[in-house]
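Following: one structure in structure tokens, then a few remarks.
All chains are named by letter (A, B, ...) in the order of the sequence lines, taking the proteins before the strands, and each is independently numbered beginning at 1.
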2 protein chains.
Amino acid sequence: MSKNVKTAPAHGGSEVRDRILETASELFYRRGVRAVGVDLVVERSGVAKTSLYRHFGTKNDLVAAFLKREDQDFWGTWDRVSERHSDDALAELDAHCEWIGERVGRRNYRGCPQINTAAEFPEIDHPARIVAETHMREMRRRLNVIAEKLQVARPDRLAGQLAVIINGAFVSMPLFEAGEATELLRHAAHALIAASGD
Amino acid sequence: MSKNVKTAPAHGGSEVRDRILETASELFYRRGVRAVGVDLVVERSGVAKTSLYRHFGTKNDLVAAFLKREDQDFWGTWDRVSERHSDDALAELDAHCEWIGERVGRRNYRGCPQINTAAEFPEIDHPARIVAETHMREMRRRLNVIAEKLQVARPDRLAGQLAVIINGAFVSMPLFEAGEATELLRHAAHALIAASGD
DNA sequence: TTGACATCATACAGACCGGTATGTTTTAGA
DNA sequence: TCTAAAACATACCGGTCTGTATGATGTCAA
């Protein structure tokens with residue numbers, strides 16, 4: 001018999017909490033938040049309802065945790081790509097266009113979780129909206145850093161435009177043919193850089 | 001006493017049907033489709049539930065009608081702008097950037113109904129998704145016509161990029177400061193045109 | 001006047017929603 | 001081994017959801 005040790009996961013949270021959050025994230029992303037009831041999350045994660053409500057006081061809290069998790073994942077990827085090009089802002093931007101284009105082009109890509117969830121909860125003060133808006137502004141901020149490294153005339157406007165094409169790519173997947181997104185994004189980014197002095 | 005004539009509206013549908021659809025459209029757009037129950041639509045439109053279900057067999061049918069209505073409205077505006085610039089493709093594109101930018105910048109703008117509703121209903125064969133994807137492809141098609149008039153090297157790619165920035169603007173309103181969107185869009189469009197031979 | 005039909009008001013069915021209450025079993029650590 | 005916390009299973013609460021059933025009231029045209 002194995003010891004069946006219940007190791008607490010490296011990152012603080014409990015194992016049960018992690019299982020709930022992972023299951024919920026998958027379901028929320030795949031089917032939409034409102035379409036997924038807590039009972040389904042409980043059943044799919046093989047956990048007691050009481051446990052879910054111990055770790056997340058409310059469904060809304062679970063949704064917020066979901067978005068935070070997706071956020072961390074997104075910026076984690078971003079940072080990993082970023083680090084590989086710390087000396088070349090243009091190459092970094094190209095690399096971002098590449099992984100974002102690749103991600104958008106996946107056959108079951110369902111869009112940016114932040115944007116999708118914000119669309120489900122229009123109330124301006126809803127936690128999901130706040131997370132989503134923070135996410136967008138963080139992207140513009142990071143793009144601003146790149147734009148400044150590129151020494152363009154108006155880095156702020158360029159950053160805004162780059163954020164728009166990236167957000168646009170997230171919601172335009174029905175428009176793309178296989179593999180089209182990366183090249184389209186990259187070419188657009190270069191065009192915007194070239195014109196950023198006008 | 002007035003005659004209280006029950007004139008059938010010019011466009012075929014009955015007056016009751018119109019009232020229901022108008023009320024539902026407002027509510028769906030403002031609060032999201034899933035957040036609005038048929039009972040609320042019934043109450044707000046001052047109509048019997050039976051009447052709603054006579055004109056729209058199902059809530060889904062009502063949702064589809066809502067999206068179709070929004071679609072017609074959108075292309076109606078588009079066409080009106082288009083006609084004013086039938087001889088100058090660049091001026092037409094500028095004009096589209098202007099009204100779209102203006103619309104996005106409104107203080108209670110809640111995004112593109114097609115995109116928002118598609119986010120609420122991920123099932124690939126859901127009527128709402130189909131309408132939304134048709135809407136997007138129609139936009140790319142129209143932008144393609146403009147791109148061809150502009151005689152650029154790769155009109156198809158340019159049309160895709162323009163569609164992306166427009167969709168991007170629809171979902172990026174938290175990023176924009178007041179009145180920023182139009183200039184940002186227009187400048188980006190020009191940049192993409194200028195680079196479309198590369 | 002009569003008959004067909006649209007609209008009204010109301011109540012209900014059956015499922016699902018988020019959340020709580022209760023009590024038992026398992027696990028971890030002193 | 002004993003204790004306290006955590007996870008378990010299950011049942012329930014009140015509310016809301018889409019959709020239907022029922023029957024009264026109003027309207028128009030033959």
Side-chain angles (χ1 to χ4, degrees), chain A residues 1-10 12-25 27-28 31-67 117 120-121 123 126-128, chain B residues 1-9 12-25 27-28 31-67 117 120-123 126-128:
Chain A
M1 297 289 183
S2 84
K3 295 241 322 257
N4 190 17
V5 187
K6 188 147 281 180
T7 36
S14 83
E15 199 216 356
V16 169
R17 197 194 121 102
D18 283 0
R19 197 160 70 239
I20 296 169
L21 184 51
E22 190 180 325
T23 307
S25 296
L27 287 169
F28 286 161
R31 311 194 189 180
V33 172
R34 290 196 118 113
V36 172
V38 293
D39 286 332
L40 181 61
V41 175
V42 164
E43 186 207 317
R44 293 287 266 264
S45 53
V47 130
K49 205 171 182 178
T50 16
S51 300
L52 186 149
Y53 277 99
R54 174 193 310 284
H55 290 287
F56 309 90
T58 260
K59 188 190 175 184
N60 263 350
D61 294 344
L62 180 56
V63 175
F66 152 59
L67 288 185
T117 308
E120 288 200 77
F121 299 97
E123 306 84 9
H126 192 286
Chain B
M1 297 288 183
S2 83
K3 292 243 321 260
N4 191 18
V5 188
K6 189 149 279 181
T7 36
S14 83
E15 197 215 359
V16 170
R17 197 194 121 103
D18 282 2
R19 197 159 71 238
I20 296 170
L21 184 51
E22 189 179 326
T23 308
S25 296
L27 287 169
F28 286 161
R31 310 194 188 179
V33 172
R34 289 197 118 112
V36 172
V38 292
D39 285 333
L40 181 61
V41 176
V42 164
E43 187 207 319
R44 294 286 266 264
S45 51
V47 132
K49 205 171 184 177
T50 11
S51 299
L52 187 149
Y53 276 99
R54 173 194 311 284
H55 289 289
F56 309 92
T58 260
K59 189 190 175 185
N60 263 349
D61 294 343
L62 180 57
V63 175
F66 153 59
L67 289 186
T117 308
E120 288 199 78
F121 300 96
E123 307 85 7
H126 192 286

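- Residue B:S51 has a polar side-chain atom (N or O) positioned under 4.0 Å from OP1 or OP2 of C:dC8.
- The nearest whole Å value for the distance from the CG atom in B:D39 to the C1' atom in C:dT10 is 12 Å.
- The two residues B:S45 and B:T23 come nearest to each other via the heavy atoms CB-OG1, 3.3 Å.
- Contact check, B:T58 against D:dT18: no side-chain N or O comes under 4.0 Å of OP1 or OP2.
- Counting to the nearest Å, the P atom of C:dC8 and the CZ atom of B:R19 are 6 Å from each other.
- Atom CD of B:E43 is separated from atom P of C:dA11 by 15 Å (rounded to the nearest Å).
- Using a 4.0 Å heavy-atom criterion, one finds that B:V42 contacts no nucleic acid atom at all.
- The side chain of A:A48 approaches D:dA9 more closely than any other nucleotide in the set D:dA9, D:dA11, C:dC8.
- Residue A:H55 places at least one side-chain N or O closer than 4.0 Å to OP1 or OP2 of D:dA7.
- Distance CG (B:L27) to P (D:dC17): 12 Å, rounded to an integer number of Å.
- Taking every side-chain heavy atom of A:V16 into account, D:dA7 is the closest of D:dA7, D:dG19, C:dC8.
- Nucleic acid contact class of B:G46 (heavy atoms, under 4.0 Å, all strands): sugar-phosphate only.
- Taking the side chain as every heavy atom from C-beta outward, A:T117 and A:F28 never approach each other to under 4.5 Å.
- If you run side chain to side chain contact (heavy atoms under 4.5 Å, CB included) between A:V63 and each of A:T58, A:V36, A:V33, only A:V33 comes through.
- One interatomic measurement links the two molecules: CZ of B:R34 to P of C:dG18, which rounds to 11 Å at whole-angstrom precision.
- Atom CD of B:E120 and atom P of D:dC17 are 14 Å apart (whole Å).
- Side chain of A:K49, nearest nucleotide from D:dA6, D:dT18, D:dA11: D:dA11.
- Atom pair A:Y53:OH and C:dG18:P shows a separation of 6 Å (rounding to whole Å applied).
- Annotation: side chain of B:R31 is in contact with side chain of B:L40 (closest heavy-atom distance under 4.5 Å).
- Relative to the side chain of A:T50, the nucleotides C:dA21, C:dC17, C:dT20 differ in distance, and C:dA21 lies closest.
- In this structure, B:F56 places its CZ atom 18 Å from C1' of D:dT20, rounding to the nearest Å.
- More than 12 heavy atoms of other shown residues, nucleotides or ligands fall within 6.0 angstrom of atom CD in B:E123.
- Of the listed nucleotides (D:dT18, C:dG19, D:dA7), D:dT18 has the atom at the smallest distance from the side chain of B:V38.
- Checked by distance alone, B:K59 brings no side-chain donor or acceptor within 3.5 Å of a matching partner on the base of D:dG19.
- Here A:V41 lies out of heavy-atom contact (under 4.0 Å) with every strand.
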